[in-house]
Number of protein chains: 2
Amino acid sequence: MHACPPNLPRRESTAERRVAIGLAARALIIEKGVEGLRTRDIAERVGINIATLHYHVPTKEALIALVAETIRHDFRAQAMRRPRDGKTGLEVLRLEFEEFREIVTETPELIIILTELVERGRRDPVIGEIMLPLYDFWRNQFVDIFRLGIRDGSFRPDVDPHAAALIVTGTLSDFWRAWTDFSASIDAVFTQLEHAFTPPIALQG
Amino acid sequence: MHACPPNLPRRESTAERRVAIGLAARALIIEKGVEGLRTRDIAERVGINIATLHYHVPTKEALIALVAETIRHDFRAQAMRRPRDGKTGLEVLRLEFEEFREIVTETPELIIILTELVERGRRDPVIGEIMLPLYDFWRNQFVDIFRLGIRDGSFRPDVDPHAAALIVTGTLSDFWRAWTDFSASIDAVFTQLEHAFTPPIALQG
DNA sequence: GAGAATCAATCAATCACTTGATTGAGAAAG
DNA sequence: CTTTCTCAATCAAGTGATTGATTGATTCTC
């Protein structure tokens with residue numbers, strides 16, 4: 001086997017370049033939206049020539065698809081952090097809320113970019129093929145959670161899993177429009193969402 | 001007094017031109033997003049020269065602001081259609097749902113454009129000044145509805161008006177991402193939202 | 001009523017970049 | 001030496017916006 005050279009490599013591999021390009025593009029999407037995303041701005045942010053960027057990522061379309069893939073990857077990684085076996089629907093829902101809280105704290109740009117790319121997926125089939133299944137996967141996770149919870153009794157039997165899932169994902173997405181003056185505490189939102197679907201607990205107080 | 005000439009005028013007034021420009025821009029935003037909005041496309045859609053468009057709407061920024069104003073106007077007009085005096089919180093909530101249903105049916109592009117412009121308002125203060133107060137106004141209407149409902153007993157006393165408002169507006173906004181394969185019946189969604197906040201009705205069945 | 005003057009509105013042509021992408025030469029790595 | 005990677009310069013088309021001439025509508029003067 002070849003030993004690694006003691007000196008740092010002078011050039012980054014294509015994989016490393018693509019990661020850097022993806023991160024720069026994400027940062028620029030936060031600043032200027034997909035609307036204002038320019039290949040030269042990305043190249044400058046990474047510190048490479050525009051032709052170098054095209055060498056590694058041949059078209060702007062491929063570049064946006066790269067961003068979409070990184071978003072998908074991050075969401076998938078986030079979802080693997082917590083096992084769900086043997087828990088009630090309500091317990092799993094709480095895990096989802098904890099994950100969302102983490103996203104808010106650690107990678108706040110995820111939802112913003114996700115929303116923009118899902119919207120773009122309406123018009124651009126290449127992006128749509130990456131983002132729409134991801135968005136639906138996210139939603140369908142909640143459908144499964146609600147089905148589980150209805151079966152184990154932690155959610156009311158009259159809960160419609162699809163409608164309930166939409167309510168949760170819609171709320172979490174809209175929570176991120178926090179640049180307006182309107183505000184609601186994330187804890188209050190989670191509490192309200194739980195009460196929306198759990199059985200009446202009047203006797204428990 | 002002068003009688004109006006029987007012939008149609010050869011030229012439209014600036015007010016009429018601006019309306020036509022706004023409508024064409026809205027249609028194009030649906031098709032291509034704000035990202036793909038081009039002044040020449042708008043001029044062509046209206047049937048005027050690009051310089052004529054600039055005569056009536058001097059910059060692209062002013063043009064997007066014009067679109068934002070028309071959206072605001074339409075939402076305001078929609079909100080005036082139904083009186084709310086003397087109704088319980090739950091009854092008003094149902095009126096809001098009827099209005100949303102109307103938007104879905106009659107002017108389905110409103111939510112899509114609203115969402116894009118609110119997102120743009122995060123980055124562009126000119127658009128933000130138009131759209132963000134509108135979005136907040138919409139949300140605060142629900143805060144008022146929930147406060148009213150808590151007082152009159154049609155909503156549970158433990159409902160947090162701000163969190164509940166966010167849940168409703170988020171759900172309605174997300175309902176509009178109907179271009180994915182995920183689907184939930186709008187009636188089921190409304191029913192679920194009502195049950196989320198109304199008192200337990202176990203005794204009523 | 002006719003013609004001139006004025007202003008608003010319109011147009012084709014053009015400007016000054018901007019943008020995604022390409023080319024050919026050279027540098028770096030193995 | 002070969003292959004991969006990088007660069008400055010450039011291409012071709014697009015983009016928001018401008019310019020100067022013309023047209024349409026209205027008002028004024030005789």
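Since we're looking at a predicted model, the values are computed, not measured. Keep in mind that the numbers below use all heavy atoms, side chains included, and drop hydrogens, waters and symmetry copies.
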With the threshold set at 4.0 Å, does a side-chain nitrogen-carboxylate oxygen contact exist between R18(B) and E69(B)?
no
In plain terms, say whether R94(A) and E91(A) are close enough for a salt bridge, that is, a side-chain N and a carboxylate O under 4.0 Å apart.
no
Give the rounded distance in Å between these two atoms: [atom1] of [X] and [atom2] of [N].
X: I42(A); N: dA21(C); atom1: CD1; atom2: P; result: 11 Å
X: R17(A); N: dC7(D); atom1: CZ; atom2: C1'; result: 12 Å
X: L53(B); N: dT15(D); atom1: CG; atom2: P; result: 14 Å
X: I50(A); N: dC5(D); atom1: CD1; atom2: P; result: 17 Å
X: K60(B); N: dT18(C); atom1: NZ; atom2: P; result: 15 Å
X: I21(B); N: dG16(D); atom1: CD1; atom2: P; result: 14 Å
X: H54(A); N: dA8(D); atom1: NE2; atom2: P; result: 15 Å
X: L63(A); N: dA21(C); atom1: CG; atom2: P; result: 9 Å

Under 4.0 Å between a side-chain N/O of [X] and OP1 or OP2 of [N], yes or no?
X: H56(B); N: dT10(C); result: yes
X: Y55(B); N: dT10(C); result: no
X: N49(B); N: dT10(C); result: no
X: T39(A); N: dG20(C); result: yes

Scan R40(B) against the nucleic acid and name what it touches under 4.0 Å (heavy atoms): base, sugar-phosphate only, or nothing.
base
For L37(A), answer base if it contacts any base atom (sugar-phosphate contacts may also be present), sugar-phosphate if it contacts only those atoms, and nothing otherwise; contact means non-hydrogen atoms under 4.0 Å.
sugar-phosphate
Regarding Y55(B) and N49(B), is there a side-chain donor-to-acceptor distance under 3.5 Å anywhere?
no
D152(A) versus S154(A), side-chain donor and acceptor atoms under 3.5 Å
yes
Considering only side-chain heavy atoms of [X], which listed nucleotide, [options], is closest?
X: R38(B); options: dT23(D), dT15(D), dC11(C); answer: dT15(D)
X: A51(B); options: dT19(D), dG16(D), dT10(C); answer: dT19(D)
X: I48(B); options: dG16(D), dC11(C), dA9(C); answer: dC11(C)
X: T52(B); options: dC7(D), dT18(D), dT10(C); answer: dT10(C)

Could you give me the CA-CA distance, side-chain angles and deciding distance for R122(A) and I112(B), then say whether side-chain contact (heavy atoms from CB on, under 4.5 Å) is met?
CA-CA 10 Å; R122(A) 180 176 64 88; I112(B) 294 182; 3.6 Å; yes
DNA chain C nearest-nucleotide lookup for E61(A) and S13(B): closer to the 5′ end is S13(B)
Nearest-nucleotide comparison on DNA chain C, the residue closer to the 5′ end among T14(B) and P58(A):
T14(B)
